[in-house]
Amino acid sequence: MDEQSEHGGDVFAERRAKLAAWRAAGDVYPTEYQPRDEIGPLHEAYAALEAGQDSAGSQRVAGRVVARRVHGKLTFVVLKDLSGELQLFCQLDMLGDERYAALEHVDLGDFVGAEGRMMRTRRGELSLRITSWQLLSKSLRPMPEKYHGLTSVETRYRKRYLDLAANDDSRDVFIKRARIVAAVRHFLDDRGFVEVETPVLQPLYGGALAKPFITHHNELERDLYLRIATELYLKRCIIGGIDRVYEMGKDFRNEGVSFKHNPEFTMLETYEAYVDYNHVMTMVEEMTAEAARAVGGLKVTFREHEIDLTPPWPRLTMRKAIESETGIDIGADDARTVADLQAAIKAKGLDETVPLAPAWGAQVDDLFSECVEPKLIQPVFITEHPLETSPFAKKTPHDPRFVERFEGFIAGMELSNAFSELNDPDDQRERFMQQMQDLADGDETAHRLDEDFLEAMEYGMPPTGGLGMGIDRLVMILTGAPSIRDVILFPALRG
RNA sequence: GGGCCGUUAGCUUAGUUGGUAGAGCAGGGGACUCUUAAUCCCAAGGUCGAAGGUUCGAAUCCUUCACGGCCCA
C-alpha cells in the first residue's frame, strides 16, 4: 500500500503541500502560545454582552479548528479547547490582505492561536473579532466528520484520540472518571487512610482467585507475576502498623474480555484495623454516594435501569438470596455436599442453566452467579459466602461453612468485595492447604501457598476490615457507560 | 470456545431478484463581510475487510480467515 492511499489520499497530499508552504513562510510548530485565555471562562465573563456589541480590551485564545465558514471577505473559524468552543470573527479589513489570505490554508484539525476583542454577532454568537492569529500546529489528516462525529466503535477504541477530539460525550466520561477517582481518594484521605504503592511485579501472585500474567526478570533470572491483587502486601502494611491503608492501581488478570472485563483494570483496595465487614459495608455505601455526587447525583441510569444509590443499601445473606430466587437452601442439612446441592439443582429443574461444579463452594458460586446475580439491579450487599471460595475471610461465628464477607452488586455487576480479614495464622495456613489441594485437583485459579505472608501474619495482625472495589465498573455505573471499554482510554483489543 | 450481526471513499452512509457502486461531510477550483450541519456552481475521490469458490457476470450467493459488536459458555 503506498503512502498516499494509506494516509487518506488527496487530502493528505494537499495538506502535506500546505505544510511545505507554511514551513517556507515560517515556524509552523511554535513552542507556546502565552498568555492564553480559556474559552469556557470567556463565555461566562461575556454572557451579558449584547448582540452587535464589542467589548473593550483584548483576549488571546488557542485551540483546534473544528469549523471554518468562508464568506468572501469574512471568515468564521471555530476554535475548541478543553473548556469549550469559540467562534473567531475574521475580517479582511481587520487582518489585511496577507493574513486574511493565509486563512485559506488553515484546515479543520489545525491548531490556531488568535488575539482580538470579544464581540457578539448580530445573530447572537459570542465571538472574538480577531486582529491577529497564528498557526500553532498543522493537521495532516482529515478529522472525523463534524456532524455525526466518530461512531465506528472499533475506531473509537483503536484511535481514542479521534474519539476524544470528535465526541464530547466520550471526553466527558474520562473527565468524570478523574473526578470519581479524586472523590474516592478524598473520601479515604479524609478518614485518615494512607495511600501506598506496592509491587506490580510479584514473585508470587495472590490475594484473589485468578490466572496471572507471567513475565521474566533477566538479571534476577526468575519469573515474576503481574499482580492480580494488592491484598497480601496491604495486609503486611496493616501488620506493620499502618492502621488505615489503601492502594488504587492496576491489577492484571489473564482471563477473558467482556463488557465488564479488561485484562488490566483499576482496583481500589482498603484495609482498616479494628473494624469488621459491617463497618466496611457502611463505608462502601458512603464512598459510592460521595463519588456519585462528584459527577451528578445519586440517581443514575445504566443499561436502561434507573438506579438509586442512596444509602443505606439492603443487606442479604447469600443463603437467603439463593433461597428466595431458587427455593434451594444452601445452608440446609440436606445440602451439605456438592452431590446434595446438585440433586437439589436438578430437582428444581435448574441443571439446564447452572453449570455443575466440582465442589460445594464452587457450586454455590455458580448457582448464585446464574440465578441471583443478574437480578441484583439496585445496590445490594450479598453477605456470608462459602468458606471454600473465600480463603482470606473469617468464618462466621454461627456457621463455619460461611465467612464474614460481602459483595456489593449494582446492575447485576459485582463492584465490591470485602471481608472481616482472616488474621489467625493457623487458620490461614489451613486455607492455603485447601487451596493447594484445589490446585492439585486442577483448579488453575486456586491460591498458592505464601509462606512469607504467613510469617508476617505470625507476628500478629490486628482484626481488620478489607475491601476491593472495581473502579472501572464504578465509573461505568456513574457515567452510564455500557461497556468497560468506554471507561478505559486504551482498552485491550486484538491485532 | 459457541451462536447471531456487522466491515462500501478520510468520516457518516445508500446500494432492489447477482448486471462492475450513489450521496452528504471533509478535501480541490470558483462566488459570497453575520455564518454557525452556512449556502450556491464545477470537478475529483472506491482493488466494496482479506483470500478462495460458484457464475457469462459478484458489494450482493458459498467457504475459510481477520477485526469489531451483541448474546451465550
Side-chain angles (χ1 to χ4, degrees), chain A residues 1-19 21 43 50-54 64-80 84-97 100-101 103-110 119-130 138-159 161-163 165-167 255-261 303-304 351-357 366 369-370 373-374 412 481-486 491-495:
Chain A
M1 186 179 278
D2 68 26
E3 191 180 66
Q4 212 181 62
S5 55
E6 183 188 349
H7 295 303
D10 290 336
V11 178
F12 194 71
E14 287 286 345
R15 292 193 176 192
R16 274 263 172 230
K18 286 180 185 177
L19 175 60
H43 279 281
E50 288 178 18
Q53 289 197 326
D54 279 39
R64 197 189 277 273
V65 174
V66 295
R68 194 171 71 108
R69 298 179 285 274
V70 182
H71 292 254
K73 300 182 179 66
L74 172 66
T75 295
F76 301 92
V77 172
V78 180
L79 290 192
K80 181 179 186 179
E85 295 181 3
L86 183 66
Q87 175 172 272
L88 306 182
F89 195 89
C90 315
Q91 295 163 282
L92 172 64
D93 45 18
M94 293 291 284
L95 294 169
D97 288 339
Y100 187 81
L103 276 176
E104 286 289 306
H105 306 301
V106 169
D107 292 306
L108 297 186
D110 289 354
M119 51 93 71
R120 193 175 291 280
T121 64
R122 287 175 214 153
R123 290 290 186 86
E125 179 76 19
L126 189 70
S127 307
L128 190 71
R129 192 191 299 275
I130 68 168
K138 187 69 192 154
S139 171
L140 294 174
R141 296 173 187 265
M143 297 295 287
E145 195 242 10
K146 60 189 172 187
Y147 185 59
H148 299 90
L150 181 67
T151 64
S152 160
V153 175
E154 185 170 359
T155 308
R156 286 183 48 226
Y157 296 152
R158 290 194 188 277
K159 301 185 180 181
Y161 48 92
L162 290 181
D163 181 38
N167 301 329
E255 295 173 353
V257 170
S258 81
F259 79 91
K260 57 183 176 179
H261 295 93
R303 292 196 161 212
E304 322 225 319
D351 51 320
E352 293 288 314
T353 51
V354 180
L356 296 185
D366 283 341
S369 298
E370 191 63 38
E373 195 171 313
S483 168
I484 197 168
R485 288 179 164 181
D486 297 321
L493 298 170
R494 280 179 202 274

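The shown structure was predicted, so the numbers you read here are calculated from the model rather than taken from an experiment. Every chain is numbered from 1 and lettered A, B, ... according to where its sequence line falls, protein lines coming before strand lines.
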(message) Of the listed nucleotides (rC70(B), rC34(B), rG68(B)), which one gets closest to any side-chain atom of Arg158(A)?
(response) rG68(B)
(message) Categorize Ser152(A) for me: base, sugar-phosphate, or nothing, with a 4.0 angstrom heavy-atom threshold over every strand shown.
(response) sugar-phosphate
(message) If you define the side chain from C-beta out and look only at heavy atoms, does anything of Arg129(A) sit under 4.5 Å from Met94(A)?
(response) yes
(message) Regarding Val70(A), tell me which of base, sugar-phosphate or nothing describes its non-hydrogen contacts under 4.0 Å with the strands shown.
(response) base
(request) Describe the nucleic acid contact of Thr151(A) in one word from base, sugar-phosphate, nothing, applying a heavy-atom distance below 4.0 Å. (result) sugar-phosphate
(request) Both distances under 3.5 Å, Watson-Crick or G-U wobble: report the partner of rC70(B), or none. (result) rG3(B)
(request) Write down the partner of rU55(B) under the Watson-Crick or G-U wobble criteria, each distance required to be under 3.5 Å. (result) none
(message) For a quick check of understanding: with a heavy-atom distance under 4.0 Å over all strands, which category does Tyr157(A) fall into, base, sugar-phosphate or nothing?
(response) sugar-phosphate
(message) Taking rG2(B) as the reference, what is the distance to rA21(B) when you measure between their C1' atoms (whole Å, please)?
(response) 36 Å
(request) Hunt down the Watson-Crick or G-U wobble partner of rA31(B), both distances under 3.5 Å, from any strand shown, or write none. (result) rU39(B)
(message) When the C1' atoms of rC65(B) and rC42(B) are compared, how many Å lie between them, rounded to an integer?
(response) 44 Å
(request) Let me know, please, whether Gly72(A) or Ala67(A) comes out on the 5' side of the other along RNA chain B by nearest nucleotide. (result) Gly72(A)
(request) Specify the separation, in whole Å, of atom CG of Leu88(A) and atom P of rU36(B). (result) 17 Å
(request) Take atom OH of Tyr147(A) and atom P of rA37(B), then tell me their distance rounded to the nearest Å. (result) 9 Å
(request) Take the protein atom CD of Glu104(A) and the nucleotide atom P of rU33(B), then report the distance between them rounded to whole Å. (result) 13 Å
(message) Which is more 5' along RNA chain B, the nucleotide nearest Leu92(A) or the one nearest Val78(A)? Just name the residue.
(response) Leu92(A)
(message) So Glu85(A), base contact, sugar-phosphate only, or nothing? Heavy-atom distance under 4.0 Å.
(response) nothing
(message) Tell me whether the count of non-hydrogen atoms from other residues, nucleotides or ligands lying under 6.0 Å of CG in Asp97(A) goes above 12.
(response) no
(request) Check Ala166(A) against Leu150(A) and note the closest heavy-atom contact, atom names and distance. (result) CB-N, 4.2 Å
(message) How many whole angstroms separate atom CZ of Phe76(A) from atom P of rU39(B)?
(response) 14 Å
(message) Within the 4.5 Å heavy-atom criterion, are Leu493(A) and Arg485(A) side-chain neighbours or not?
(response) yes
(message) Can you confirm whether Tyr157(A) sits close enough to Asp486(A) that some side-chain heavy atom of one is under 4.5 Å from a side-chain heavy atom of the other?
(response) yes
(message) Applying side-chain contact (heavy atoms from CB on, under 4.5 Å) to Glu104(A) and Val70(A), what does each step give before you reach the verdict?
(response) CA-CA 9 Å; Glu104(A) 286 289 306; Val70(A) 182; 4.1 Å; yes
(request) Give none if rG22(B) has no partner; otherwise give the nucleotide forming a Watson-Crick or G-U wobble pair with it, both distances under 3.5 Å. (result) rU13(B)
(message) Taking any heavy-atom pair under 4.0 Å as a contact, classify Gly149(A): base, sugar-phosphate, or nothing.
(response) sugar-phosphate
(request) Counting heavy atoms from C-beta on, name the nucleotide in rG68(B), rG27(B), rU36(B) closest to the side chain of Asp107(A). (result) rG27(B)
(request) Could you please name the option among rG68(B), rG28(B), rU12(B) that lies closest to any side-chain atom of Lys18(A)? (result) rG28(B)
(message) Quick check for you: among rU36(B), rC34(B), rU12(B), whose closest atom lies nearest to any side-chain atom of Arg69(A)?
(response) rU36(B)
(request) Name the nucleic acid region contacted by Leu162(A), choosing base, sugar-phosphate or nothing; use a 4.0 angstrom heavy-atom cut-off, strictly under. (result) nothing
(request) Provide the distance between the two C1' atoms, one in rC41(B) and one in rU55(B), to the nearest whole Å. (result) 44 Å
(request) Taking atom C1' in both rG22(B) and rC4(B), compute the distance separating them and give it to the nearest angstrom. (result) 30 Å
(message) Measuring only the P atom in each nucleotide, how far is rC5(B) from rU63(B)? A whole number of Å is fine.
(response) 11 Å
(message) Which is it for rU12(B), anti or syn, if anything within 90° of zero counts as syn?
(response) anti
(message) Please pick, from rC67(B), rG27(B), rU36(B), the nucleotide with the shortest atom-to-atom distance to any side-chain atom of Glu154(A).
(response) rC67(B)
(request) Name the closest nucleotide to the Lys73(A) side chain, picking from rU33(B), rC34(B), rA26(B). (result) rU33(B)
(message) From C-beta outward on Phe259(A), which listed nucleotide comes closest to its side chain: rU33(B), rC71(B), rA37(B)?
(response) rC71(B)
(message) Using the P atom as the point on both nucleotides, what is the distance between rC61(B) and rU16(B), in whole Å?
(response) 9 Å
(request) Rounded to the nearest angstrom, tell me the gap between atom NZ in Lys260(A) and atom P in rC72(B). (result) 10 Å
(message) Rounding to an integer number of angstrom, what distance separates rU20(B) and rA31(B) when you compare their P atoms?
(response) 39 Å
(request) Please state how far atom CZ in Arg141(A) lies from atom P in rG45(B), giving the value in whole angstrom units. (result) 21 Å
(request) Establish, with yes or no, whether the OP1 or OP2 oxygen of rG27(B) is under 4.0 angstrom from a side-chain nitrogen or oxygen of Arg16(A). (result) no
(message) Is the phosphate of rG68(B) approached by Arg494(A) (side-chain N or O, under 4.0 Å from OP1 or OP2)?
(response) yes
(message) From CG of Leu140(A) over to C1' of rG10(B), roughly how many Å is that when rounded to an integer?
(response) 13 Å
(message) Quick one, Asp107(A) with Arg68(A), criterion salt bridge (Lys or Arg N to Asp or Glu O under 4.0 Å). Give me CA distance, side-chain angles, the key distance, then yes/no.
(response) CA-CA 8 Å; Asp107(A) 292 306; Arg68(A) 194 171 71 108; 5.4 Å; no
(request) Can you figure out which of rG24(B), rU33(B), rG68(B) approaches the side chain of Val153(A) most closely? (result) rG68(B)
(message) Let's see if you can work this out: which of rA26(B), rC70(B), rU33(B) has an atom nearest to the side-chain heavy atoms of Arg15(A)?
(response) rA26(B)
(message) Between rG6(B) and rC62(B), how far apart are the two P atoms, rounded to whole Å?
(response) 11 Å
(message) Rounded at 0.5 Å granularity, tell me how far CD in Gln87(A) sits from CG in Leu79(A).
(response) 10.5 Å
(message) Does rC11(B) have its OP1 or OP2 closer than 4.0 Å to a side-chain nitrogen or oxygen of Lys159(A)?
(response) no
(request) Working to the nearest 0.5 Å, report the span between CZ of Arg69(A) and CG of Leu74(A). (result) 10.0 Å
(request) Round to the nearest Å and state the distance from Met143(A) atom CE to rC11(B) atom P. (result) 13 Å
(request) Counting Watson-Crick and G-U wobble pairs only, both distances under 3.5 Å, name the nucleotide matched with rG49(B), or none. (result) rC65(B)
(message) Measuring from the side chain of Arg485(A) (C-beta onward, heavy atoms only), which nucleotide among rU33(B), rG69(B), rC11(B) has the closest atom?
(response) rG69(B)
